[in-house]
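Because only heavy atoms are used, hydrogens play no part in the values below, and waters and symmetry mates are left out as well, while side chains stay in.
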Amino acid sequence: MSMGKTFYLEITASDRRFYNGECEMMIFPAVDGQQGILPNHESMVTAVKAGELRFKVDGEWKEAAVGDGFVEIMPEFVVLLADTVEWPEEIDIRRANEAKERAQERLRQKESQREYYHSKAALSRAMARLKVTGKHL
């Protein structure tokens, strides 16, 4: 790769350094839609909206989900800071775990409902017995 074809890209989430390295192009979600960055871009600082982040490394596009943040753009480097940045497979794993937790919670609620009906039935039986025995006192 010859000089001028790439810029240095640093992507940092609140909990980790997400990506550091050379980059040919970046497309990020800005307030007014998708914005593309190429090497030698004019200097600016702008807001990043939650959405899809794409950046090209060695001719290959990488995709990530990005939260709200901001990006500092300089001719030779770009620094993107966001509250969250995740690869698609990380999101799938998180979604799967959340779905599992929801299912377990539903099972717990069903269980406690069943216990409630069992208790209610036991209480009804006890009340009936008391009523019956009360009549014979």
Residue pair Tyr8, Glu22: steps toward the side chain to side chain contact (heavy atoms under 4.5 Å, CB included) verdict: CA-CA 5 Å; Tyr8 185 77; Glu22 295 301 314; 3.9 Å; yes
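- Classification of the Phe18-Phe55 ring pair by plane angle, with boundaries at 30° and 60°, yields perpendicular.
- Under a hydrophobic-cluster definition in which Ile, Leu, Val, Met, Phe, Trp and Tyr are linked whenever side-chain heavy atoms come within less than 4.5 Å, directly or via other members, Ile37 and Val57 are assigned to the same cluster.
- Under the 4.5 Å side-chain criterion, counting only non-hydrogen atoms from C-beta, Pro29 is in contact with Gln34.
- Phe7 meets the ring-ring contact (aromatic ring centres under 6.0 Å, His included) test with no other residue; sequence neighbours excluded.
- Residue Arg95 qualifies as open at atom CZ: its count of foreign heavy atoms under 6.0 Å is 12 or below.
- In plain terms, the two heavy atoms of Phe28 and Ala47 that are nearest each other are CE1-O, 3.9 Å.
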Derivation and outcome, side chain to side chain contact (heavy atoms under 4.5 Å, CB included), residues Phe70 and Thr46: CA-CA 6 Å; Phe70 68 92; Thr46 187; over 6 Å; no
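- A salt bridge is absent between Glu90 and Arg94; no separation between the charged side-chain nitrogens and carboxylate oxygens falls under 4.0 Å.
- We find the CZ-OG1 distance between Arg17 and Thr12 to be 6.0 Å, quoted to the nearest 0.5 Å.
- Hydrophobic clustering, with ILVMFWY side chains joined whenever heavy atoms are under 4.5 angstrom apart, keeps Met26 apart from Trp61.
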Sequence neighbours excluded and cut-off under 3.5 Å, please list the side-chain donor-acceptor pairs for residues 100-107, or say none.
from	atom 1	to	atom 2	distance (Å)
Glu105	OE1	Arg108	NE	3.2
Glu105	OE1	Arg108	NH2	2.7
Glu105	OE2	Gln109	NE2	3.4

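- The backbone N or O of Gly59 sits less than 3.5 Å from a side-chain atom of Glu24, completing a donor-acceptor pair.
- Taking each heavy atom of Ala82 and Gly67 in turn, the nearest pair found is CB-O, 3.6 Å.
- Expressed to the nearest 0.5 Å, how far CD1 of Ile27 lies from CD of Glu63 amounts to 9.5 Å.
- Within the structure, ring-ring contact (aromatic ring centres under 6.0 Å, His included) pairs that include any residue of residues 108-127 do not occur (at least two apart or interchain).
- Here Glu72 contributes atom CD and Glu10 contributes atom CD; the two are 10.0 Å apart, rounded to the nearest 0.5 Å.
- The structure places CG of Leu9 at 11.0 Å from NZ of Lys62, a figure rounded to the nearest 0.5 Å.
- Interatomic distance, His41 NE2 to Met25 CE, rounded to the nearest 0.5 Å: 9.5 Å.
- The side-chain heavy atoms of Pro75 and Pro39, taken from C-beta on, include no pair separated by under 4.5 Å.
- Tracing side-chain contacts under 4.5 Å through hydrophobic residues (I, L, V, M, F, W, Y), one reaches Tyr19 starting from Ile73; they form part of the same cluster.
- Residues Ala64 and Val85 come closest through the heavy atom pair CB-CG1, 4.1 Å.
- Residue Glu60 qualifies as open at atom CD: its count of foreign heavy atoms under 6.0 Å is 12 or below.
- Transitive grouping of hydrophobic side chains (ILVMFWY, heavy atoms separated by less than 4.5 Å) keeps Leu53 and Val31 in distinct clusters.
- Hydrophobic cluster membership differs between Val48 and Ile91, with clusters built from Ile, Leu, Val, Met, Phe, Trp and Tyr side chains linked at under 4.5 angstrom.
- One N or O on the side chain of Asp83 and one on the backbone of Asp68 form a donor-acceptor pair closer than 3.5 Å.
- Taken to the nearest 0.5 Å, the CZ atom of Arg129 stands 11.0 Å off from the OG atom of Ser124.
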